[in-house]
Amino acid sequence: MDTRDSPEQAELRRAARRLAAQLGPKTVADLDDATRRTRLASAVRDAGWLELRDDAGNGSPVASGVEAAIVAEALGAAAADTALTGVLLAGDLARRAGVAPDDAAAVAMAADLSSVAVVGSPTAGTRPVPDAGGTNALALVPNGGAGWQVGRVEVSVAAGGTDLTRRVGTVPAGSRFVQLDGSRTLSDGDLSAWRALGLALTCADLVGVMRGVLAVTVEYASERRQFGVPVGSFQAVQHLLAEAHCLLEGSTSIALHAAWAADELEPGFAYEAAQLAKVYSARAARTVCETAVQVHGGIGNTWECMAHVYLRRALLSTQWFGDDAFHLRDLARGRVGAL
Amino acid sequence: MDFRDSPAEAEFRARFRAWLVDHNPGLPASSTDDEYWARQAEWHTSLFDAGFFGVSWPTRFGGHDLPVVFDVILDDELARAGAPPRPSLGYLVQGITTHGSDAIQERFLPGLISGRERWCQGFSEPDAGSDLAALRTTATRDGDEYVVEGHKIWTSYSDVADWCLLLARTDATVAKHKGISAFAVPMDQPGIEQRPLRMINGITNEFGQVLFDGARVPAANMIGELGEGWRLAMTIVSHEREPGELGYVARYAKTVKELSTRVAAARDESVSESQLEAVAWAHVQTEMLRLHVCRRLSERLDGVDHGPGGSVDKLLMTWVEQDVAAAALALAGPAAAIDPDDVALKTYLYSRAQSVMGGTSQIQKNIVATRILGLPPEGAG
């Protein structure tokens, strides 16, 4: 047992954090800078990070869940306004189905965001597509009671959503489902393993969000003065931030395990490891982001403060693949009594 | 990055699992019953004699020089078997190893690690709790000995201890942190009186008060240099705060497993959704701590540090213990409000001490805020 980064993982972590810090938004106004956003998207693409879960040519992904999580965490920490997780998950789903990855595709999710959308053709009702970039997304159709087939549905992407850093597209009702040539039938196990990866990556994003928003908040508390001293010198404020730091550390540990487990454990165990991580890190992220708003005081409640950008991002990552309440309920029903 | 056992780790795990089948003493939880404290020494020596205690410590002192991540395996397997946790004294070993001379280490570490010599820790005093450096117990030089006068409290296992790792003031003329020295004081002598403390859950064997009135300790038993006591205390408390050093994950996992077994035995309709969710949350928290310890102990492969990270771990551990205990209380329902001997009640009441012992949660948060986050200290302009 040795949970330290390998030298390559440590280098990837440094590179991803450096790039995200350089090209990510530093202020809310930066979110409107299309030139910067394009440079960020190109840099992420050129680094090869969108392809980490594509087929390496032998059925295995280009990189493990740990590497994918390292990049997801780095982008979360910078509130980087570019697609990553949705693209990685589309690549991973395509790989499992044995079809070529669809450039810029994302994955259409069930209405409650807990798993991939299972649709008919034409589709009934709308489906959300987090990290939507292009004009289509992957979805499933039932394969006559034995597994699922992967195909493509149309997506419409409109500007403006809760998360100011990632777009959530929509599969319009009545969208046509086009089965992909050569798609192999996906089993329950395939889907569990894929959902485990989805949970692990959304947890990594939440860990990044916590790290980023805490850094911004500690800096603010060290500079903002009241009663002639920095507000961060007051114990009442220090204790809030200390608790936030502990929640970040605990989340880091449990999310790291989920990312490792995604490829290394059998699908059922990988999924459970990911559920545990989601329950803990989603609760933690909510508290940490709320602390960030509070410590920023009045300014924290204004549009110009980065705190709500992180909070909004956390709300999406929390719901994506099921929130803490969803997974705690599932663990309560399924695991308690069998530990 | 790998959370899986290496071949050597897997072999060790299998060996320990097999050993536990015949050697689990089936003691009650340490937090709820004096029987645990009465038989802890027996459990310690049993683990040690079989090669399953202090495995990461140096061979010359009775350890096995294994990487510290082997402790994770011990805790996993103890919890799995429902066996008692390993005795918590790694922090004393860290303190003596870091500050004691070769002679001190050779004299004291083998007995401490084997469990043949029992130790207690004389740090806190009635008027020196969070402000430990305000301690007033004195050690005054008298020839080749020091004479000790003072009053210690919250002294775990003082009633069975052979030795006390004592902090005492040796110089009242210098700043309070600088005038403190540490000693290994023999407990079996006329100048020492024990008074057990009865805790809120009724147990009496864990904590005591110790009164020193003319107790004597050889000058050669000083650990570290004259005036090095504060630094030694900080080394010890930084590790006293670490769940990996304490082996507490096994304690929490054992409780969660017992709660799960109770749910399985109960008729479905008698367990509510909120009770199930309280137990599920206790499971999530315990897994978080287990994995956090894996990460922390893996980091130690780069070398031990005695820094403020222990305060983060202590806060996480405290939240876990108190949420596990809250789950026990929730599952017990009315029984805990009626029967004073209810195990869930005792577990719950004991858990309240976790946010005080080894440094209060408030002190830990001060340390995290100023030494990890770099926030300005209170009163800074």
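Sequence lines set the chain letters: A, B, ... in the order given, protein chains first and strands last, and positions in each chain run from 1.
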Distance-only polar pair, side chains of B:Ser355 and B:Gln322, donor-acceptor under 3.5 Å | yes
Under 3.5 Å, is there a donor-acceptor pair between the A:Glu67 and A:Ser64 side chains?
-> yes
Salt bridge between [X] and [Y], side-chain N to carboxylate O under 4.0 Å?
| X | Y | value |
| --- | --- | --- |
| B:Arg4 | A:Glu264 | yes |
| B:Arg15 | B:Glu11 | yes |
| B:Lys254 | B:Glu258 | yes |

Below 4.5 Å from any heavy atom of chain B, which atoms of [X] appear? Answer side chain, backbone, both or neither.
| X | answer |
| --- | --- |
| A:Glu249 | both |
| A:Val66 | side chain |
| A:Glu8 | neither |
| A:Glu243 | both |
| A:Arg283 | side chain |
| A:Ala338 | backbone |
| A:Leu240 | neither |

Measure [X] against the heavy atoms of chain A and call it side chain, backbone, both or neither at under 4.5 Å.
| X | answer |
| --- | --- |
| B:Ile372 | side chain |
| B:Glu277 | both |
| B:Leu316 | side chain |
| B:Gln275 | neither |

Neighbourhood of chain A inside residues 66-84 of chain B, taking heavy atoms under 4.5 Å as contact = B:Val69, B:Val72
I'd like to know which of [options] tops the heavy-atom pair count under 4.5 Å against chain A.
| options | result |
| --- | --- |
| B:Gly374, B:Ser361, B:Ser260, B:Ser311 | B:Ser260 |
| B:Ala264, B:Ser298, B:Ala369 | B:Ser298 |
| B:Asp313, B:Thr261, B:Val368 | B:Val368 |
| B:His283, B:Arg296, B:Glu299, B:Gln285 | B:His283 |

In terms of ring plane angle, is the pair A:His257 and B:Phe3 parallel, tilted or perpendicular, where the classes change at 30° and 60°?
-> perpendicular
May I ask you to decide if the ring planes of B:Phe16 and B:Phe12 are parallel, tilted or perpendicular, using 30° and 60° as cut-offs?
-> parallel
Exceeds 12 heavy-atom contacts within 6.0 angstrom, atom [atom1] of [X]:
| X | atom1 | value |
| --- | --- | --- |
| B:Tyr348 | OH | no |
| A:Glu266 | CD | no |
| A:Arg286 | CZ | no |

Distance under 6.0 Å and angle within 45° of ring axis: A:Arg224 vs A:Tyr220 = no
Donor-acceptor list for residues 14-21 of chain A side chains, cut-off 3.5 Å, not counting sequence neighbours:
from: A:Arg14; atom 1: NE; to: A:Glu11; atom 2: OE1; distance (Å): 3.3
from: A:Arg14; atom 1: NH2; to: A:Glu11; atom 2: OE1; distance (Å): 3.1
from: A:Arg17; atom 1: NH2; to: A:Glu73; atom 2: OE2; distance (Å): 3.0

